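Note on naming: letters A, B, ... go to the chains in the order of the sequence lines (proteins, then strands), and numbering restarts at 1 for each one. Everything numeric in this text was worked out from a predicted model, so none of it was measured.
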Amino acid sequence: MTPESQIMLDAISGLRALVEMPFWQRLDFWIGSLFSAAGVVFSVLAFHEARRAKTAATEAGRTVKIQTITIELTEVAQRFDRLSMDIRFSEARDLLNEASRRIRRVVSPFQNDGSLQETIGNLKGALDEAKKSLNDVRPATPGDESQTPHAVYYAVEADFATINGYLADLLGLFEKKTINFGEDDEP
Amino acid sequence: MSPEHIELKTYLERIQHLTEQGKIDWKRANPSTFTWTRRDGASRAKLTLQKVDRTVRTRTQAGQIVSKTFRHYIFQVTEGQTAAQMLTVNTSEDESFGEIMGRLFETIQTVISRKGLDFLKNLLPE
């Protein structure tokens with residue numbers, strides 16, 4: 001056997017030994033696998049972290065929005081609280097129209113929310129009833145208004161008190177949504 | 001029932017009777033309020049009767065939401081010169097006047113409707 005043939009046989013033997021060895025018994029396979037697994041784990045962790053950050057940002061935005069709504073509804077309630085006995089028809093009509101518009105705009109995104117649905121329905125019903133009561137004291141002629149002292153107040157006072165009651169209920173429910181009650185918290 | 005209660009009921013019945021006789025000229029100030037202004041020389045006084053309906057939404061035991069309407073009346077006597085309230089009766093605070101005020105309101109409504117119909121009748125050529 002020539003020396004060249006011997007070198008060729010040695011090289012083939014080495015190559016054969018390398019090919020016959022299972023891949024899982026090789027160190028480079030385990031090093032590569034380890035890095036791949038670490039990559040997957042870090043990707044999953046990063047995904048969960050991003051999702052939690054998104055949820056926290058959404059919750060924060062929701063809390064700010066609910067606080068804005070709470071402020072708006074409180075302003076409306078305070079205007080109803082300061083109802084004067086000498087209120088005239090036109091003043092009561094303007095007050096009710098403005099309050100109705102503001103309340104309906106604020107509550108409309110929540111009207112299908114299970115925990116708020118009933119109170120919102122009651123509130124809208126009370127606004128409609130107040131409108132009817134106010135129509136019952138619409139002066140026959142503009143001069144007639146001064147002929148009926150306190151008629152407008154007597155007509156709408158109870159309805160405005162009912163609206164304020166439902167507004168207070170709604171404010172409580174909105175505030176509850178921004179508070180974490182711990183183990184007693186509803187999902 | 002206090003003597004003032006009984007006296008006031010007597011006056012209200014008298015007002016109803018005088019209204020039926022057409023001796024009190026009530027005016028409709030708005031759909032739910034009637035007024036009568038009494039002029040006696042320089043002095044003036046005004047009677048006001050107002051009907052107020054209040055609807056409340058309540059939940060029944062079966063869980064249904066129902067609306068219930070409560071009716072009450074407000075009777076006021078105002079002194080003309082100063083517009084001072086001389087007397088106010090609100091049947092939401094004192095239900096004992098509810099029935100008589102309801103009758104008075106109905107009587108006024110009937111008399112005013114009758115007057116309107118008579119006016120219309122007189123407008124038409126024979």
Given that the side chain runs from C-beta out, which part of B:S92 has a heavy atom under 4.5 Å from chain A: side chain, backbone, both or neither?
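Contact with chain A: none, neither part.
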Region of B:T69 that comes under 4.5 Å of a non-hydrogen atom in chain A
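Contact with chain A involves no heavy atom of B:T69 at all.
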Which ILVMFWY residues are connected to B:L117, directly or by a chain of links, through side-chain heavy atoms under 4.5 Å apart?
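Direct or chained contacts put B:L117 with none.
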What pair of heavy atoms forms the shortest contact from [X] to [Y], and how long is it?
{"X": "B:R28", "Y": "A:A140", "value": "O-CB, 3.9 Å"}
{"X": "B:N30", "Y": "A:R138", "value": "CB-O, 3.0 Å"}
{"X": "A:V137", "Y": "B:S32", "value": "CG1-OG, 3.5 Å"}

Determine whether B:V52 and B:L47 fall in the same hydrophobic cluster, where Ile, Leu, Val, Met, Phe, Trp and Tyr are linked whenever their side-chain heavy atoms lie under 4.5 Å apart.
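No; tracing contacts between hydrophobic side chains, which count when under 4.5 Å, never links both residues.
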Would one find more than 12 heavy atoms of other residues, nucleotides or ligands at under 6.0 Å from atom [atom1] of [X]?
{"X": "B:H17", "atom1": "NE2", "result": "no"}
{"X": "A:F29", "atom1": "CZ", "result": "yes"}
{"X": "B:R14", "atom1": "CZ", "result": "no"}
{"X": "B:K115", "atom1": "NZ", "result": "yes"}

Flag the pair A:K132 / B:D53 as yes when at least one side-chain heavy-atom distance between them is below 4.5 Å, and no otherwise.
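They are not in side-chain contact.
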With a 4.5 Å limit on heavy-atom distance, are the side chains of A:Y154 and B:T48 in contact?
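In short, these two side chains do not touch, never coming nearer than 4.5 Å.
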For A:K131, which residues count as a side-chain contact (heavy atoms from CB on, under 4.5 Å) partner, sequence neighbours excluded?
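side-chain contact (heavy atoms from CB on, under 4.5 Å) list for A:K131, sorted by chain: A:L96, A:N97, A:N135.
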To the nearest 0.5 Å, what is the distance between CG on A:D136 and NZ on B:K51?
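It is 6.5 Å, given to the nearest 0.5 Å.
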Could you measure the distance from the NE2 atom of A:H150 to the CG atom of B:N90? Nearest 0.5 Å is fine.
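Rounded to the nearest 0.5 Å, the NE2-CG separation comes to 13.0 Å.
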